[in-house]
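Treat the numbers as computed from the prediction; the structure is a model and nothing was measured. In what follows, chains carry the letters A, B, and so on, assigned in the order in which the sequence lines appear, proteins first and then strands, with residues in each chain numbered from 1.
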Amino acid sequence: MNIKEYISSGVVESYVLGLLSAQEKFEFEKYCESYPELKEARTAFELALEKQAMENSIAPPAELKQKIASKIFEEDKTAWVVPIQTATQKKFNWTRLVAAASLALLVGSIWWIMSLKNENEKLKTDLIKTQQDLDSSQEQVAQMTLDAKKMGEGMKMVSLNGTANSPKSFATVYWDTASHDVYLLVNNLPKPASDEQYQLWALLKTNGQMQTIDLGMLELSQKPLQLYKMTNAQSAQAFAITLEKKDGNPDPNLGKIYVMSNL
Amino acid sequence: MESKIKYSEQELVVLLNGQSNDAFNYLYDNYSGAIYTIINQIVLDKDTANDVMQEVFVNIWRKIKTYDASKGRLFTWMLNIARNAAIDKVRSRGFRDNQKTQAIPEGESGVVISSNPTVSDVGLQKVLTTLNEEYRKLIDLSYFQGFTHEEIAKMLGIPLGTVKTRIRTAISQLRTMIQ
(Lines give C-alpha, C1' and ligand atoms only; values in the text may rest on other atoms or scores of the structure.)
Protein backbone atom coordinates (compact mmCIF):
# COMPACT_ATOMS: atom_id res chain seq x y z
CA MET A 1 0.00 0.00 0.00
CA ASN A 2 1.04 3.58 -0.60
CA ILE A 3 1.68 4.93 2.88
CA LYS A 4 1.96 8.54 1.71
CA GLU A 5 -1.50 8.40 0.21
CA TYR A 6 -2.79 6.71 3.34
CA ILE A 7 -1.28 9.42 5.53
CA SER A 8 -2.68 12.24 3.41
CA SER A 9 -6.14 10.64 3.18
CA GLY A 10 -7.22 12.25 6.44
CA VAL A 11 -7.09 8.92 8.31
CA VAL A 12 -4.48 10.25 10.75
CA GLU A 13 -6.64 13.17 11.84
CA SER A 14 -9.71 10.94 11.92
CA TYR A 15 -7.88 8.52 14.19
CA VAL A 16 -6.70 11.21 16.58
CA LEU A 17 -10.12 12.86 16.71
CA GLY A 18 -11.77 9.51 17.34
CA LEU A 19 -13.74 9.41 14.12
CA LEU A 20 -12.66 6.02 12.78
CA SER A 21 -14.76 2.91 12.97
CA ALA A 22 -13.42 0.09 15.14
CA GLN A 23 -12.13 -1.72 12.06
CA GLU A 24 -10.38 1.36 10.66
CA LYS A 25 -8.92 2.13 14.04
CA PHE A 26 -7.54 -1.38 14.38
CA GLU A 27 -5.94 -1.12 10.90
CA PHE A 28 -4.43 2.26 11.68
CA GLU A 29 -2.84 1.02 14.89
CA LYS A 30 -1.45 -1.97 13.05
CA TYR A 31 0.06 0.22 10.29
CA CYS A 32 1.60 2.46 12.94
CA GLU A 33 3.69 -0.51 14.08
CA SER A 34 5.05 -1.08 10.55
CA TYR A 35 5.32 2.47 9.26
CA PRO A 36 7.26 4.89 11.47
CA GLU A 37 6.26 7.77 9.20
CA LEU A 38 2.60 7.07 9.96
CA LYS A 39 3.29 7.24 13.66
CA GLU A 40 5.25 10.45 13.12
CA ALA A 41 2.33 11.96 11.23
CA ARG A 42 0.01 10.94 14.02
CA THR A 43 2.21 12.51 16.69
CA ALA A 44 2.59 15.65 14.62
CA PHE A 45 -1.16 16.11 14.35
CA GLU A 46 -1.64 15.29 18.05
CA LEU A 47 0.87 17.98 19.02
CA ALA A 48 -0.71 20.49 16.65
CA LEU A 49 -4.16 19.73 18.03
CA GLU A 50 -2.91 19.93 21.58
CA LYS A 51 -1.16 23.23 20.97
CA GLN A 52 -4.23 24.64 19.30
CA ALA A 53 -6.51 23.41 22.10
CA MET A 54 -4.23 24.74 24.79
CA GLU A 55 -3.92 28.16 23.25
CA ASN A 56 -7.62 28.55 22.62
CA SER A 57 -9.06 27.31 25.87
CA ILE A 58 -11.54 28.88 28.21
CA ALA A 59 -10.92 28.48 31.95
CA PRO A 60 -13.48 26.49 33.94
CA PRO A 61 -15.18 28.13 36.96
CA ALA A 62 -12.65 28.47 39.80
CA GLU A 63 -14.72 26.47 42.31
CA LEU A 64 -14.78 23.44 40.05
CA LYS A 65 -11.24 22.35 40.88
CA GLN A 66 -11.87 21.98 44.59
CA LYS A 67 -15.16 20.23 43.86
CA ILE A 68 -13.46 17.71 41.60
CA ALA A 69 -10.49 17.28 43.97
CA SER A 70 -12.74 16.49 46.91
CA LYS A 71 -14.78 14.18 44.72
CA ILE A 72 -11.68 12.32 43.59
CA PHE A 73 -9.99 12.11 46.96
CA GLU A 74 -13.07 11.65 49.07
CA GLU A 75 -14.36 9.01 46.70
CA ASP A 76 -10.93 7.45 46.86
CA LYS A 77 -11.30 7.44 50.59
CA THR A 78 -14.83 6.18 50.32
CA ALA A 79 -13.56 3.48 48.04
CA TRP A 80 -11.48 2.39 50.97
CA VAL A 81 -14.00 3.22 53.60
CA VAL A 82 -17.03 1.74 51.91
CA PRO A 83 -16.10 -1.91 52.38
CA ILE A 84 -15.20 -1.15 55.97
CA GLN A 85 -18.48 0.66 56.48
CA THR A 86 -20.24 -2.21 54.83
CA ALA A 87 -18.39 -4.57 57.07
CA THR A 88 -19.30 -2.50 60.10
CA GLN A 89 -22.84 -2.24 58.87
CA LYS A 90 -22.98 -5.95 58.40
CA LYS A 91 -21.42 -6.50 61.77
CA PHE A 92 -23.90 -4.10 63.28
CA ASN A 93 -26.78 -5.90 61.67
CA TRP A 94 -25.30 -9.15 62.76
CA THR A 95 -25.04 -7.88 66.30
CA ARG A 96 -28.64 -6.75 66.15
CA LEU A 97 -29.66 -10.10 64.80
CA VAL A 98 -27.75 -11.85 67.55
CA ALA A 99 -29.27 -9.49 70.09
CA ALA A 100 -32.75 -10.19 68.76
CA ALA A 101 -32.09 -13.89 68.71
CA SER A 102 -30.66 -13.67 72.20
CA LEU A 103 -33.70 -11.81 73.41
CA ALA A 104 -35.94 -14.43 71.87
CA LEU A 105 -33.85 -17.10 73.49
CA LEU A 106 -33.91 -15.26 76.79
CA VAL A 107 -37.68 -14.88 76.72
CA GLY A 108 -37.99 -18.50 75.72
CA SER A 109 -35.61 -19.52 78.45
CA ILE A 110 -37.45 -17.50 81.07
CA TRP A 111 -40.73 -19.05 80.04
CA TRP A 112 -39.12 -22.43 80.08
CA ILE A 113 -37.54 -21.81 83.47
CA MET A 114 -40.84 -20.55 84.87
CA SER A 115 -42.56 -23.63 83.56
CA LEU A 116 -39.82 -25.76 85.00
CA LYS A 117 -40.02 -23.87 88.26
CA ASN A 118 -43.76 -24.40 88.46
CA GLU A 119 -43.34 -28.00 87.54
CA ASN A 120 -40.52 -28.22 90.03
CA GLU A 121 -42.67 -26.71 92.76
CA LYS A 122 -45.38 -29.20 92.01
CA LEU A 123 -42.84 -32.02 91.96
CA LYS A 124 -41.45 -30.76 95.28
CA THR A 125 -44.91 -30.76 96.84
CA ASP A 126 -45.60 -34.15 95.36
CA LEU A 127 -42.27 -35.38 96.59
CA ILE A 128 -42.90 -34.12 100.13
CA LYS A 129 -46.30 -35.74 100.11
CA THR A 130 -44.84 -38.94 98.73
CA GLN A 131 -42.07 -38.76 101.29
CA GLN A 132 -44.65 -38.35 104.04
CA ASP A 133 -46.68 -41.21 102.65
CA LEU A 134 -43.55 -43.28 102.42
CA ASP A 135 -42.57 -42.39 105.98
CA SER A 136 -45.97 -43.40 107.28
CA SER A 137 -45.89 -46.54 105.13
CA GLN A 138 -42.46 -47.37 106.43
CA GLU A 139 -43.73 -46.76 109.95
CA GLN A 140 -46.62 -49.11 109.28
CA VAL A 141 -44.34 -51.66 107.68
CA ALA A 142 -41.99 -51.39 110.67
CA GLN A 143 -44.93 -51.85 112.99
CA MET A 144 -46.24 -54.73 110.91
CA THR A 145 -42.78 -56.25 110.79
CA LEU A 146 -42.69 -55.94 114.55
CA ASP A 147 -46.18 -57.39 114.74
CA ALA A 148 -45.21 -60.15 112.35
CA LYS A 149 -42.19 -60.93 114.51
CA LYS A 150 -44.57 -61.45 117.37
CA MET A 151 -46.37 -63.96 115.21
CA GLY A 152 -43.34 -66.13 114.91
CA GLU A 153 -43.03 -69.68 116.11
CA GLY A 154 -45.74 -70.81 118.53
CA MET A 155 -48.14 -68.13 117.35
CA LYS A 156 -51.58 -69.58 117.00
CA MET A 157 -53.95 -68.01 114.50
CA VAL A 158 -57.64 -68.29 115.23
CA SER A 159 -60.36 -67.13 112.88
CA LEU A 160 -63.47 -65.59 114.39
CA ASN A 161 -66.41 -65.85 112.02
CA GLY A 162 -69.54 -63.80 111.95
CA THR A 163 -72.53 -65.06 113.90
CA ALA A 164 -76.22 -64.60 113.14
CA ASN A 165 -75.92 -61.11 114.64
CA SER A 166 -73.47 -60.07 111.92
CA PRO A 167 -72.78 -62.84 109.37
CA LYS A 168 -70.32 -60.79 107.34
CA SER A 169 -68.14 -59.88 110.31
CA PHE A 170 -64.73 -61.45 110.70
CA ALA A 171 -61.72 -61.14 112.99
CA THR A 172 -58.49 -62.95 113.66
CA VAL A 173 -56.80 -63.65 116.99
CA TYR A 174 -53.07 -64.33 117.15
CA TRP A 175 -52.22 -66.05 120.37
CA ASP A 176 -48.66 -66.63 121.38
CA THR A 177 -48.85 -69.89 123.23
CA ALA A 178 -45.43 -69.34 124.75
CA SER A 179 -45.78 -65.77 126.03
CA HIS A 180 -49.61 -65.97 126.14
CA ASP A 181 -49.77 -62.60 124.33
CA VAL A 182 -53.02 -62.06 122.46
CA TYR A 183 -53.31 -59.88 119.34
CA LEU A 184 -56.55 -59.14 117.59
CA LEU A 185 -56.92 -58.25 113.95
CA VAL A 186 -60.31 -56.82 113.10
CA ASN A 187 -61.07 -57.74 109.49
CA ASN A 188 -64.65 -56.60 109.51
CA LEU A 189 -66.86 -55.41 112.32
CA PRO A 190 -69.72 -52.94 112.17
CA LYS A 191 -69.03 -49.59 113.77
CA PRO A 192 -70.49 -49.65 117.30
CA ALA A 193 -72.69 -46.90 118.77
CA SER A 194 -70.88 -44.26 120.77
CA ASP A 195 -72.04 -45.77 124.08
CA GLU A 196 -71.10 -49.30 123.05
CA GLN A 197 -67.78 -51.11 122.72
CA TYR A 198 -66.58 -54.50 121.51
CA GLN A 199 -65.08 -56.80 124.11
CA LEU A 200 -62.86 -59.84 123.49
CA TRP A 201 -63.34 -63.00 125.46
CA ALA A 202 -61.45 -66.20 125.84
CA LEU A 203 -63.63 -69.23 126.19
CA LEU A 204 -62.53 -72.14 128.28
CA LYS A 205 -64.51 -75.28 128.97
CA THR A 206 -63.54 -76.95 132.23
CA ASN A 207 -65.45 -79.91 133.64
CA GLY A 208 -68.32 -79.24 131.27
CA GLN A 209 -68.54 -75.66 132.48
CA MET A 210 -68.03 -72.80 130.00
CA GLN A 211 -65.72 -70.18 131.45
CA THR A 212 -65.35 -66.73 129.91
CA ILE A 213 -62.23 -64.73 130.47
CA ASP A 214 -62.16 -61.00 129.72
CA LEU A 215 -59.36 -60.17 127.30
CA GLY A 216 -60.05 -56.45 127.17
CA MET A 217 -61.96 -53.75 125.40
CA LEU A 218 -61.49 -52.97 121.75
CA GLU A 219 -60.57 -49.36 120.95
CA LEU A 220 -61.37 -49.37 117.25
CA SER A 221 -59.02 -47.19 115.23
CA GLN A 222 -59.31 -46.03 111.62
CA LYS A 223 -56.08 -47.71 110.64
CA PRO A 224 -56.57 -50.72 108.39
CA LEU A 225 -55.37 -54.11 109.47
CA GLN A 226 -54.59 -52.78 112.92
CA LEU A 227 -53.28 -55.38 115.24
CA TYR A 228 -54.60 -54.75 118.75
CA LYS A 229 -52.68 -55.98 121.72
CA MET A 230 -55.17 -57.58 124.09
CA THR A 231 -54.92 -59.02 127.60
CA ASN A 232 -52.81 -62.14 127.97
CA ALA A 233 -54.60 -65.41 127.95
CA GLN A 234 -53.12 -68.27 129.96
CA SER A 235 -55.41 -70.75 128.38
CA ALA A 236 -58.25 -70.63 125.86
CA GLN A 237 -60.23 -73.02 123.73
CA ALA A 238 -62.01 -70.39 121.69
CA PHE A 239 -62.37 -66.63 121.32
CA ALA A 240 -65.41 -64.44 120.87
CA ILE A 241 -66.22 -60.77 120.55
CA THR A 242 -69.41 -59.35 122.01
CA LEU A 243 -70.89 -55.90 121.83
CA GLU A 244 -71.09 -54.52 125.32
CA LYS A 245 -71.74 -51.19 126.99
CA LYS A 246 -68.83 -48.78 127.05
CA ASP A 247 -65.91 -50.04 129.15
CA GLY A 248 -67.40 -53.51 129.12
CA ASN A 249 -68.92 -55.99 131.47
CA PRO A 250 -67.49 -58.65 133.77
CA ASP A 251 -69.47 -61.29 131.93
CA PRO A 252 -70.28 -61.36 128.25
CA ASN A 253 -73.71 -60.55 126.87
CA LEU A 254 -74.11 -63.85 125.08
CA GLY A 255 -76.98 -62.56 123.02
CA LYS A 256 -74.68 -60.09 121.36
CA ILE A 257 -71.82 -62.26 120.14
CA TYR A 258 -70.64 -60.81 116.78
CA VAL A 259 -67.79 -63.13 115.92
CA MET A 260 -66.62 -66.37 117.47
CA SER A 261 -64.12 -69.13 116.78
CA ASN A 262 -64.81 -72.77 116.78
CA LEU A 263 -64.28 -74.46 120.00
CA MET B 1 -2.10 27.53 42.40
CA GLU B 2 -0.30 27.17 39.11
CA SER B 3 2.42 24.59 38.90
CA LYS B 4 5.76 25.98 37.88
CA ILE B 5 7.35 22.65 37.07
CA LYS B 6 6.82 21.27 33.58
CA TYR B 7 6.55 17.53 33.25
CA SER B 8 6.87 15.53 30.07
CA GLU B 9 3.86 13.35 29.27
CA GLN B 10 5.77 10.24 30.31
CA GLU B 11 6.59 11.82 33.68
CA LEU B 12 3.01 12.95 34.10
CA VAL B 13 1.69 9.44 33.44
CA VAL B 14 3.99 8.08 36.14
CA LEU B 15 2.91 10.89 38.45
CA LEU B 16 -0.79 10.22 37.77
CA ASN B 17 -0.36 6.53 38.49
CA GLY B 18 0.89 7.57 41.92
CA GLN B 19 -2.54 9.19 42.51
CA SER B 20 -1.08 11.99 44.65
CA ASN B 21 -2.49 15.45 45.32
CA ASP B 22 0.40 16.95 43.40
CA ALA B 23 -0.44 14.81 40.38
CA PHE B 24 -4.03 16.04 40.45
CA ASN B 25 -2.99 19.66 40.82
CA TYR B 26 -0.61 19.45 37.89
CA LEU B 27 -3.14 17.64 35.71
CA TYR B 28 -5.92 20.08 36.48
CA ASP B 29 -3.82 23.23 36.25
CA ASN B 30 -2.43 22.25 32.87
CA TYR B 31 -5.34 20.56 31.12
CA SER B 32 -8.62 21.73 32.66
CA GLY B 33 -8.94 24.67 30.23
CA ALA B 34 -8.57 22.58 27.07
CA ILE B 35 -10.88 19.88 28.41
CA TYR B 36 -13.46 22.37 29.62
CA THR B 37 -13.42 23.95 26.16
CA ILE B 38 -14.06 20.73 24.28
CA ILE B 39 -16.87 19.84 26.67
CA ASN B 40 -18.49 23.23 26.13
CA GLN B 41 -18.33 22.78 22.40
CA ILE B 42 -20.54 19.72 22.71
CA VAL B 43 -22.67 20.33 25.79
CA LEU B 44 -25.11 23.22 25.56
CA ASP B 45 -25.47 24.53 29.11
CA LYS B 46 -22.89 25.44 31.75
CA ASP B 47 -24.33 23.32 34.58
CA THR B 48 -24.25 20.22 32.44
CA ALA B 49 -20.76 21.13 31.25
CA ASN B 50 -19.62 21.39 34.87
CA ASP B 51 -21.13 17.97 35.61
CA VAL B 52 -19.38 16.47 32.61
CA MET B 53 -16.14 18.16 33.66
CA GLN B 54 -16.29 16.37 37.02
CA GLU B 55 -17.08 13.05 35.35
CA VAL B 56 -14.17 13.48 32.94
CA PHE B 57 -11.57 14.22 35.58
CA VAL B 58 -12.79 11.39 37.79
CA ASN B 59 -12.56 9.08 34.77
CA ILE B 60 -9.08 10.27 33.82
CA TRP B 61 -8.02 9.79 37.41
CA ARG B 62 -9.43 6.29 37.68
CA LYS B 63 -8.64 5.00 34.21
CA ILE B 64 -5.06 6.26 33.97
CA LYS B 65 -3.78 2.66 34.21
CA THR B 66 -5.58 1.80 30.98
CA TYR B 67 -3.81 4.56 29.04
CA ASP B 68 -1.56 3.05 26.35
CA ALA B 69 1.16 5.46 25.18
CA SER B 70 1.78 3.42 22.03
CA LYS B 71 -1.64 4.39 20.71
CA GLY B 72 -1.37 8.11 21.16
CA ARG B 73 -0.51 10.99 23.41
CA LEU B 74 -1.98 11.43 26.86
CA PHE B 75 -3.66 14.64 25.80
CA THR B 76 -5.39 12.86 22.88
CA TRP B 77 -6.55 10.16 25.27
CA MET B 78 -7.94 12.73 27.70
CA LEU B 79 -9.53 14.77 24.93
CA ASN B 80 -11.37 11.69 23.67
CA ILE B 81 -12.58 10.83 27.17
CA ALA B 82 -13.96 14.37 27.43
CA ARG B 83 -15.54 14.28 23.98
CA ASN B 84 -17.18 10.89 24.57
CA ALA B 85 -18.50 11.89 27.99
CA ALA B 86 -19.97 15.10 26.61
CA ILE B 87 -21.59 13.35 23.64
CA ASP B 88 -23.01 10.66 25.94
CA LYS B 89 -24.51 13.36 28.14
CA VAL B 90 -26.08 15.22 25.23
CA ARG B 91 -27.41 11.99 23.73
CA SER B 92 -28.96 10.83 27.01
CA ARG B 93 -30.65 14.23 27.21
CA GLY B 94 -31.66 14.21 23.58
CA PHE B 95 -33.11 10.78 24.05
CA ARG B 96 -35.18 11.96 26.98
CA ASP B 97 -36.32 15.06 25.10
CA ASN B 98 -37.29 12.95 22.11
CA GLN B 99 -39.29 10.71 24.39
CA LYS B 100 -41.16 13.72 25.72
CA THR B 101 -41.85 15.28 22.37
CA GLN B 102 -42.58 12.08 20.54
CA ALA B 103 -46.07 13.18 19.60
CA ILE B 104 -44.87 16.39 17.99
CA PRO B 105 -44.18 15.94 14.28
CA GLU B 106 -40.62 16.74 13.30
CA GLY B 107 -39.18 18.14 10.08
CA GLU B 108 -39.29 16.21 6.82
CA SER B 109 -35.99 14.43 7.37
CA GLY B 110 -37.05 13.43 10.85
CA VAL B 111 -33.65 14.61 12.11
CA VAL B 112 -32.83 17.86 13.81
CA ILE B 113 -29.31 18.96 13.04
CA SER B 114 -27.67 21.35 15.41
CA SER B 115 -25.27 23.14 13.13
CA ASN B 116 -23.94 25.61 15.62
CA PRO B 117 -22.76 24.27 18.95
CA THR B 118 -22.20 26.86 21.64
CA VAL B 119 -18.59 27.90 21.98
CA SER B 120 -17.82 28.94 18.46
CA ASP B 121 -14.96 31.30 19.01
CA VAL B 122 -12.39 28.95 20.52
CA GLY B 123 -10.68 25.65 19.81
CA LEU B 124 -11.71 23.42 16.98
CA GLN B 125 -15.00 25.24 16.63
CA LYS B 126 -13.13 28.41 15.77
CA VAL B 127 -11.31 26.52 13.09
CA LEU B 128 -14.58 25.01 11.95
CA THR B 129 -16.02 28.40 11.15
CA THR B 130 -13.46 28.74 8.42
CA LEU B 131 -14.74 25.62 6.66
CA ASN B 132 -17.53 25.76 4.13
CA GLU B 133 -21.03 25.00 5.35
CA GLU B 134 -21.10 21.41 4.10
CA TYR B 135 -17.80 20.38 5.66
CA ARG B 136 -18.69 22.21 8.82
CA LYS B 137 -21.92 20.26 9.10
CA LEU B 138 -20.09 16.98 8.57
CA ILE B 139 -17.48 17.77 11.22
CA ASP B 140 -20.19 18.93 13.57
CA LEU B 141 -22.21 15.76 13.17
CA SER B 142 -19.30 13.40 13.36
CA TYR B 143 -16.98 15.07 15.81
CA PHE B 144 -19.19 17.22 18.02
CA GLN B 145 -22.31 15.10 17.94
CA GLY B 146 -20.59 11.73 17.68
CA PHE B 147 -22.62 10.26 14.87
CA THR B 148 -21.05 7.43 12.90
CA HIS B 149 -20.46 7.82 9.19
CA GLU B 150 -23.32 5.40 8.57
CA GLU B 151 -25.70 7.45 10.66
CA ILE B 152 -24.66 10.64 8.91
CA ALA B 153 -25.14 9.01 5.51
CA LYS B 154 -28.68 8.06 6.49
CA MET B 155 -29.46 11.45 7.97
CA LEU B 156 -28.27 13.44 5.03
CA GLY B 157 -29.25 10.95 2.37
CA ILE B 158 -25.71 10.78 1.02
CA PRO B 159 -23.88 7.54 0.14
CA LEU B 160 -21.57 6.25 2.89
CA GLY B 161 -18.49 6.48 0.66
CA THR B 162 -19.22 10.14 -0.07
CA VAL B 163 -19.63 10.88 3.65
CA LYS B 164 -16.27 9.25 4.39
CA THR B 165 -14.47 11.11 1.62
CA ARG B 166 -15.99 14.45 2.51
CA ILE B 167 -15.21 14.09 6.19
CA ARG B 168 -11.62 13.16 5.43
CA THR B 169 -11.34 16.18 3.15
CA ALA B 170 -12.87 18.45 5.75
CA ILE B 171 -10.47 17.12 8.35
CA SER B 172 -7.51 17.58 6.04
CA GLN B 173 -8.53 21.19 5.63
CA LEU B 174 -8.81 21.52 9.39
CA ARG B 175 -5.32 20.21 9.70
CA THR B 176 -3.84 22.77 7.38
CA MET B 177 -5.58 25.45 9.41
CA ILE B 178 -4.33 24.04 12.70
CA GLN B 179 -0.73 23.79 11.57
Might you point out which heavy atoms bring [X] and [Y] nearest each other, and give the distance in Å?
{"X": "S57(A)", "Y": "A34(B)", "answer": "CB-N, 3.5 Å"}
{"X": "K65(A)", "Y": "D29(B)", "answer": "NZ-OD1, 2.9 Å"}
{"X": "Y36(B)", "Y": "P61(A)", "answer": "OH-CD, 3.3 Å"}
{"X": "F73(A)", "Y": "S20(B)", "answer": "CZ-O, 3.8 Å"}
{"X": "F75(B)", "Y": "E50(A)", "answer": "CB-OE1, 3.2 Å"}
{"X": "S8(A)", "Y": "S172(B)", "answer": "O-OG, 4.0 Å"}

Task: Lys/Arg N to Asp/Glu carboxylate O, E24(A) vs K164(B), below 4.0 Å - done: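 So E24(A) pairs with K164(B) through a salt bridge.
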Open item on the list: Sort by residue number and list every residue of residues 25-41 of chain A having at least one heavy atom under 4.5 Å from chain B.
Closed with: E29(A), K39(A), A41(A)
Open item on the list: Quick test of your reading: applying side chain to side chain donor-acceptor pair (under 3.5 Å), list the pairs with at least one residue in residues 77-87 of chain B, sequence neighbours left out, ordered by first then second residue.
Closed with: none
Task: Straight-line distance of T148(B) OG1 to L20(A) CG, nearest 0.5 Å - done: 12.5 Å
Open item on the list: With a 3.5 Å distance limit and no angle check, can you tell me whether T37(B) reaches the backbone of I58(A) through a side-chain donor-acceptor pair?
Closed with: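 Confirmed, T37(B) side chain pairs with I58(A) backbone.
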- [ ] Quick one: which residue pairs count as a salt bridge (Lys or Arg N to Asp or Glu O under 4.0 Å) with a foot in residues 53-62 of chain A, not counting sequence neighbours?
- [x]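 Residue pairs passing salt bridge (Lys or Arg N to Asp or Glu O under 4.0 Å), neighbours aside: K51(A)-E55(A).
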Open item on the list: Going by salt bridge (Lys or Arg N to Asp or Glu O under 4.0 Å), name the pairs with one or both residues in residues 8-26 of chain B, residues two or more places apart or in two chains.
Closed with: E9(B)-R73(B)
